[in-house]
There are 2 protein chains.
Amino acid sequence: MATIRDVARLADVSVATVSNVLNSADRVSPELSARVRAAMEKLSYTPHAGARSLRKRSSGLIGLVVGDITNPFFSDLFEAVEDAAAACGYLVLLCNSNERSEREEAHLRMLRTQRIDGLILAPTGAVSMNRASLLAQLEVPVVLVDRAMEGLGYDAVVLDNRCAGFEATQHLIACGHRRIGLVNGPEVFRTAAERLAGYREALLAAGLSFDPALVRDAGFRKQPAEQAMAELMALAEPPSAVFATNNLMTIGVVKALADRGLSCPQDVSVIGIDDLPWADAVSPRLSAIAQPVRAMGEAALELLIRRLAGTLNGPGTTTVMAPRLVIRRSCGAPASGKPAHVD
Amino acid sequence: MATIRDVARLADVSVATVSNVLNSADRVSPELSARVRAAMEKLSYTPHAGARSLRKRSSGLIGLVVGDITNPFFSDLFEAVEDAAAACGYLVLLCNSNERSEREEAHLRMLRTQRIDGLILAPTGAVSMNRASLLAQLEVPVVLVDRAMEGLGYDAVVLDNRCAGFEATQHLIACGHRRIGLVNGPEVFRTAAERLAGYREALLAAGLSFDPALVRDAGFRKQPAEQAMAELMALAEPPSAVFATNNLMTIGVVKALADRGLSCPQDVSVIGIDDLPWADAVSPRLSAIAQPVRAMGEAALELLIRRLAGTLNGPGTTTVMAPRLVIRRSCGAPASGKPAHVD
DNA sequence: TGCGCTTGCGAAATGCATTTCGATCCGCAA
DNA sequence: TTGCGGATCGAAATGCATTTCGCAAGCGCA
């Protein structure tokens, strides 16, 4: 493979000139530049990223670590970040932790050996000291997405989760529901805690009482959500509507309903967080709280770029994005009587 | 950030010894190794991937380029490849071309500057000479996934598309259907052409005639599939069942049906290629031809690893994977009369 | 014509880890 | 005691691109 020396030799200039053509184009005369470019073309020369990152103190790499790339939220996020990064000349290194923190930490270490210029992190699980120190060792700007971590001083881009919880619940209340189930994630996550808070506020605002029996932790996963939903429906007084706080759990809830022969929204209304491409194709057409995923990804990248450029300094900022209620058909008036109980 | 020299100084050994501890552990005595390791720990030393890739002739990076990471097929593929790669000590660089070949080519160039050790490619669009030469310039093993490219001599891992088309169609025929629509991708893609071939064979085997009016090209995308389905249903003799040859188009087909107030499978049966996590949760519960995505990703990576290790030589091989028919509820007997025509 | 400055270019140092190859030191045998 | 093989270790070269700094040529101006 051709090196910069080969190009220099062929163009009959010094290597410095070739480098200047590549990097500071204005420092070399047009005709010489053309000659050099022709030589590069002929040799189909491509600079060596390793050598380059060795010399400059930057690799042009940005890390993006997510918990589950098969979750549409994260794949959309990746797409948004990659598009925005490409526009700035950065390459993004995607790391999928499968929601396992050892893997996440292994990834963090490997990102360090890659000498990434910056990191966008959607943290999995709780903040361990271990992870905090891994992040610090990176010695690069970090932007948190989706889930904020307190006290580390990083920038963060998050959904207004309280608002999301409030609006979803409010919508169900507006449909006439009085007993509303909540299939939530673990409250140790701020996202879950805040969505719960919004739920409670909406109940309160409507003069409804909060019933802990209607709230389940399904770990943000499909399978447990199915189980949780089954439990809710087995209650003496089952809810007439359910709010699931992420896309995976929404699927679980809908499946649990279908498995018991209950239909939505006739028997039970459902609303979820995260809109999905097929939500308006299948039955029930799911109403949802949509997250502005693309905007979140772009905002995160912009924060990172500004930190890298030195345009942004000082303590971390938190950007809160507004959720958007998408009304389809999965929420209707509660059935007059108790829903048919199939078992 | 600490360098190998700092570690050497602190451990009071030469840099070569530190390097040996890292790379050929057996070449250094246990106690010295421990001392070095302690020094690395204390300095929280991490080797510089750039410098390393400069000296070794490999970067430890594998490229994976896909057309659309938000398509579950590809995000599953990434997950499988990344898992397998991590087990072999490789890092995977995901490139999302958004199905645009300029972007794909830009990615290929950038992968070259990164000096990737190997590439797994799910090619977008047709094979241009341009792309072929970009691949050749990479000078690394290439494994094709999902869509094979003829004549370049690369290894490939593909679905048995003929069989997939055959089985899907056969299933619909077994349900009693006689007029079966095909919402296919562009026939310039072998995947599409072969799925069509399977469809025709199944018709033939059942003594049914092939009606070109029932076949539409929806470009493997949702929106056009919706349109195509609308056209099919507007036919004087609309099909009583439809086979969509990928997940995006399946969604479009289902949506078109729902939009016209038709229900599945009562009015029209639907089967698609690619199984989806929500397929058994919503209505219709979609029957589908599942692709062994994980296995395909793993097979692709293994081929690559064997090429890299020199265990595998010679001309490219093609690994054909068997599809699996997943029967749920979206295929039933055709309605006795013509389906209600709502417009 | 001569002086000083701008501009364009090249030589060489630099960044970090790997690897080759020669040096050293050990124990063991003669 | 001397010599030798083997096990360990270290000095230095190497890979590639960037960048600093000095040099030279070309320019304008007096």
Side-chain angles (χ1 to χ4, degrees), chain A residues 1-37 39-40 43-61 89 91 109-110 112-117 137 139, chain B residues 1-37 39-40 43-61 89 91 109-110 112-117 137 139:
Chain A
M1 192 158 305
T3 78
I4 199 172
R5 293 164 107 90
D6 302 318
V7 175
R9 209 159 14 231
L10 181 60
D12 195 33
V13 296
S14 75
V15 295
T17 301
V18 179
S19 176
N20 280 331
V21 169
L22 248 28
N23 301 290
S24 16
D26 53 326
R27 300 189 66 76
V28 44
S29 68
E31 55 272 25
L32 202 55
S33 170
R35 214 166 80 210
V36 171
R37 234 170 268 283
M40 297 197 303
L43 296 173
S44 72
Y45 164 76
T46 312
H48 187 298
R52 168 174 285 181
S53 95
L54 187 56
R55 187 60 236 227
K56 318 232 273 218
R57 259 88 197 342
S58 85
S59 59
L61 260 30
L91 180 63
R109 259 182 278 271
M110 112 93 43
R112 189 157 116 96
T113 96
Q114 293 294 332
R115 297 299 191 271
I116 52 169
D117 292 340
Q137 285 177 2
E139 297 173 35
Chain B
M1 191 157 304
T3 77
I4 199 173
R5 292 165 108 90
D6 301 319
V7 175
R9 204 153 24 224
L10 181 60
D12 195 33
V13 297
S14 76
V15 296
T17 302
V18 179
S19 176
N20 280 331
V21 169
L22 248 27
N23 301 290
S24 17
D26 53 325
R27 301 190 64 75
V28 45
S29 67
E31 54 274 23
L32 201 54
S33 171
R35 214 166 78 211
V36 170
R37 234 170 266 283
M40 297 198 302
L43 296 173
S44 71
Y45 164 76
T46 312
H48 186 298
R52 168 175 286 181
S53 95
L54 188 57
R55 188 60 235 222
K56 319 232 277 210
R57 260 90 197 340
S58 85
S59 59
L61 260 29
L91 180 63
R109 258 183 279 272
M110 112 91 43
R112 188 158 118 94
T113 97
Q114 293 296 332
R115 296 298 191 273
I116 51 169
D117 292 341
Q137 285 177 2
E139 298 173 33

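This is a predicted model, so every value here is computed, not measured. Proteins get letters first, then strands, A, B, ... in listed order; numbering begins at 1 in each.
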- Message: Holding to side-chain contact (heavy atoms from CB on, under 4.5 Å), I want the full list of residues that pass it with A/Glu139, two or more places apart in sequence or in another chain.
- Response: A/Arg112, B/Met1

- Query: Quick one: which of C/dA17, D/dT18, D/dA17 gets closest to the side chain of A/Thr3?
  - Reply: D/dA17

- Message: Restricting to side-chain hydrogen bond (donor to acceptor under 3.5 Å, both in side chains), what partner residues turn up for A/Ser53, sequence neighbours left out?
- Response: none

- Starting at atom CE of B/Met40, determine the distance to atom P of C/dA17, rounded to an integer number of angstrom. 11 Å

- Reading nucleotides 7-12 of chain C from 5' to 3' and marking B where a protein heavy atom lies under 4.0 Å of the base, S where only the sugar-phosphate is that close, and - otherwise, the string is --SBB-

- Return the set of residues passing salt bridge (charged side-chain N to carboxylate O under 4.0 Å, His left out) with B/Asp117 (not counting sequence neighbours), or none when no residue passes. none

- Query: Whole-Å distance between D/dC16 C1' and A/Leu54 CG?
  - Reply: 8 Å

- Message: Applying side-chain hydrogen bond (donor to acceptor under 3.5 Å, both in side chains), can you list everything that pairs with A/Ser14, at least two apart in sequence or on another chain?
- Response: A/Thr17

- Message: I need the CG-P distance between A/Asn23 and D/dT19, as an integer number of Å.
- Response: 6 Å

- Note on the structure: Those residues at least two apart in sequence (or on a different chain) that pass side-chain hydrogen bond (donor to acceptor under 3.5 Å, both in side chains) with A/Asp12 are none

- Query: Hey, does the side chain of A/Arg115 reach the backbone of B/Pro47 with a donor-acceptor pair shorter than 3.5 angstrom?
  - Reply: yes

- Message: Can you measure B/Arg52 atom CZ to D/dT14 atom C1' for me and round it to whole angstrom units?
- Response: 17 Å

- Item | B/Arg9: salt bridge (charged side-chain N to carboxylate O under 4.0 Å, His left out) partners, not counting sequence neighbours | B/Asp6

- Could you check how far CD of B/Gln114 sits from P of D/dA17, rounded to whole Å? 13 Å

- Note on the structure: Separation of C/dT19 atom P from B/Arg57 atom CZ, nearest Å, is 11 Å

- Message: Does a side-chain N or O of A/Tyr45 approach OP1 or OP2 of D/dC16 to a distance below 4.0 Å, or not?
- Response: no

- Message: So for B/Arg55 and D/dT14, does any side-chain atom that can act as donor or acceptor lie under 3.5 Å from a complementary atom in the base?
- Response: yes

- Query: To the nearest angstrom, how far is B/Ile4 atom CD1 from D/dG15 atom C1'?
  - Reply: 15 Å

- B/Arg5 CZ - C/dT14 P separation (whole Å): 11 Å

- Message: Taking CZ in A/Arg27 as the centre, count heavy atoms belonging to other residues, nucleotides or ligands within less than 6.0 Å. Is the count above 12?
- Response: no

- Query: Is DNA chain C part of any stem, that is, at least 3 consecutive Watson-Crick or G-U pairs with both distances under 3.5 Å, and where?
  - Reply: C:1-30 with D:1-30

- By side-chain hydrogen bond (donor to acceptor under 3.5 Å, both in side chains), A/Ser58 pairs with (sequence neighbours left out) none

